[in-house]
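What follows is a single structure, written as structure tokens, with notes after it.
Note on naming: letters A, B, ... go to the chains in the order of the sequence lines (proteins, then strands), and numbering restarts at 1 for each one.
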Amino acid sequence: MSDVRLTVLDRRGQRIERQVTTGTTAADLYREERGVIAARLNGELRDLAVEPRDGDTVEPVTVDSDDGRSILRHSTAHVLAQAVQELFPEAKLGIGPPIENGFYYDFDVSRPFNPEDLKAIEARMREIVKAGQPFARREVGDDEAKAELAAEPYKLELIGIKGGAGDEASVEVGGGDALTIYDNLDAKSGELCWKDLCRGPHLPTTRHIPAFRLLRSAGAYWRGSENNPQLQRIYGTAWESRGALDEHLKLLAEAERRDHRRLGAELDLFSFPPEIGSGLAVFHPKGGIVRRTMEDYARRRHEEAGYEFVYSPHIARSTLFETSGHLQWYAENMYPPMEMEGARYYPKPMNCPFHFLIYRSRGRSYRELPLRLFEFGTVYRYEKSGVVHGLTRVRGLTQDDSHILCTPEQLSDELASLMAFVIDLLRDFGLTEFEAELATRPDKYVGEIAEWNTAEAALRHAIEAADLPYVVAEGEGAFYAPKIDLHLRDAIGRRWQISTLQVDLQNARLFDLEYQAADGSRQRPWIIHRALFGSIERFFGILLEHYAGALPPWLAPVQVVGIPISDAHVPYLEQAAGRLRARGIRVEVDASDERMQKKIRTAQTQKIPYMMLAGDRDVAQKAVSFRYRNGEQRNGVPIDEAIEEVVKVVDARIQV
RNA sequence: GCCGCCUUAGCUCAGUCGGUCAGAGCGGCUCACUCGUAAUGAGCAGGUCGUCGGUUCGAAUCCGACAGGCGGCUCCA
């Protein structure tokens, strides 16, 4: 009986109208197509076992697509949970969703997992994969599900909150529809091996897992709240092929190689002496050069863009932070106060109140607006001990902070040009891929909703004018302002948050900021807060990772190192170095006792852009020989030309 | 802050069952070598084994607290 008419797409997207018999499954439709592990039925992801009905449209989902990988990872998470419960029968199940590049599963266990446990679990998983257990879906009623899962308290809780979709728990119960349980069956006997409450879809069998690896275990709060019990989470990764897994593991190793904490020590850039305190960095001379170069360049660009430079102290009395609302809203992120002369002084967590006082120090005219106040302002924030991380999450940080005060009419244009300025400056640091996130009014907020809406609209306009890809993060704004967080992608595709732009009307009122308008009336200015690097420290760390330590010559602490073939050539190189120095180039001559080969190795590991060698042949030709970071060399370069080459690259701020 | 792991020389790390276990490589210093594109050789110096407390005849080693770090969670520039 050919009574079911279907529109069937193949993996190339070709549509074919087909008539099949009742009971034909998606698996039957794609029997000939390799790598198809699920189907999209009228746009919805389903198991391959699904039986399409008359008029349905069926598309294949291959394991190497985004959806396919998610399904693969979700199924691998199930295999993980099955292995854990077989080895640790007392383990209670939390949730086990796919995530970017992998999956995890949370368990409530009496004892946390250790690395040996992970090995044993992974071994058991391989057996389950090899056994080729089918994933079988069945729908159950709420009461039925509760009875079956009586021993799984967390699953019961999920059933209870079913419908509250949107979080990761929705992977387990979906939103609204009937509950489903997936049974893992013995491939031969059909006997039940394991089951889990799950929305699906899943791979046809565990054998369809080509490659996976468990990565680590860690504590994680149940349903993401620190008020809930802490479960033990196991992270893993799964891929459509052995090769894809290896690629991913290589990327992880590459990320480790680029770790700015490692590079900071290896290149002698900065350190975190425990004597100073957790999350408080010192920059060594070489790191200092990089940082100062970054700052100098940013300073110059800001000057050109009409910013005025201000300075403010690191501490202020409590009354200032009462006015700004920080003590009311932000106290838990602030360092505790110092008592003096009957007053309490707090280290500042933000620069804004100081800049507002500068604005308020005298009457302001609309003719002065937009007024752009800039400061490399060092602030201190109490970060919980567990979150401090290298330069990207510290307790003392310097923001390239500014506050722009403008009229309501200027707001939109100012934001749009600011956005262009931000992107342009970041591009000069060699960053090219940006994404914006519009963070809107949080639950804890001050001010009027109408003002928030105006501010949010202005920010949205700025993003759209800059033609940036963006997402909206509902409720993620600061308590006093909605904001744009700008993210960038680094050289190996990782996402970092950097710039932040906020529009704020609260503080103009809190600080009673005014300007006199053309008609003689007094008006409130709008305020734009913005930090472009985010913080100098964080940006420093991001750049280091982006470049894997091989900074472009204009930022490199040492731009050229002179390497003599023998001692006799030191004076010759010193002379060339002197000429480079006169052109503003940072150059050293390695006059140590080491062999020339060793000096090259040292310069290479220090990632110095230019090695300038000189031996008898070069001296005879009034030349030097270059060796570059990539190992290439250029011999017999006339000194004048060599100098121009370096100066040109540094001035142009290009990478070599 | 929470869970787990870690802390031995400037760095990276050995150190078994609690008893010559204070060790190596790199780095530093000294001497010799003077060399054409990623490690010349020899010698020397460096450590209250994170800190404090406990167990023990005896602690780098076992236990506890604290500090710092690492991986996550929560939070976030």
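Not a single donor-acceptor pair under 3.5 Å links the side chain of Glu594(A) to the backbone N or O of Lys599(A). At distances below 3.5 Å, not a single donor-acceptor pair connects side-chain atoms of Arg441(A) with backbone N or O atoms of Ala478(A).
Separating the CD atom of Gln597(A) from the P atom of U40(B) is a distance of 7 Å, rounded to the nearest angstrom. The interatomic distance linking Glu275(A) (CD) with C66(B) (P) rounds to 21 Å, in whole Å.
For Thr605(A), taking side-chain heavy atoms from C-beta onward, the closest of the listed nucleotides A38(B), G71(B), A77(B) is A38(B). Nearest nucleotide to the Arg233(A) side chain, out of G71(B), C73(B), G69(B): C73(B). When distances are taken from the side chain of Ile600(A) to each of U37(B), A77(B), C3(B), the shortest belongs to U37(B). Residue Tyr221(A) has its side chain nearest to G1(B) when only A77(B), A38(B), G1(B) are considered. Comparing G69(B), A77(B), C73(B) by their nearest atom to the side chain of Ser278(A) picks out G69(B).
Side-chain rings of His74(A) and Phe103(A) stay apart, their centers remaining 6.0 Å or farther from each other.
Each of Ser217(A) and Ser566(A) was assigned the nucleotide of RNA chain B with the nearest heavy atom; the assignment lying further toward the 5' end belongs to Ser566(A).
Applying the 90° criterion around 0 to the glycosidic angle, G25(B) comes out anti.
An OP1 or OP2 oxygen of G69(B) is reached within less than 4.0 angstrom by no side-chain nitrogen or oxygen of Arg261(A).
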Starting from the C-alpha separation in whole Å, work towards a yes-or-no answer on side chain to side chain donor-acceptor pair (under 3.5 Å) for Arg299(A) and Tyr297(A).
CA-CA 5 Å; Arg299(A) 212 174 257 129; Tyr297(A) 183 64; over 6 Å; no
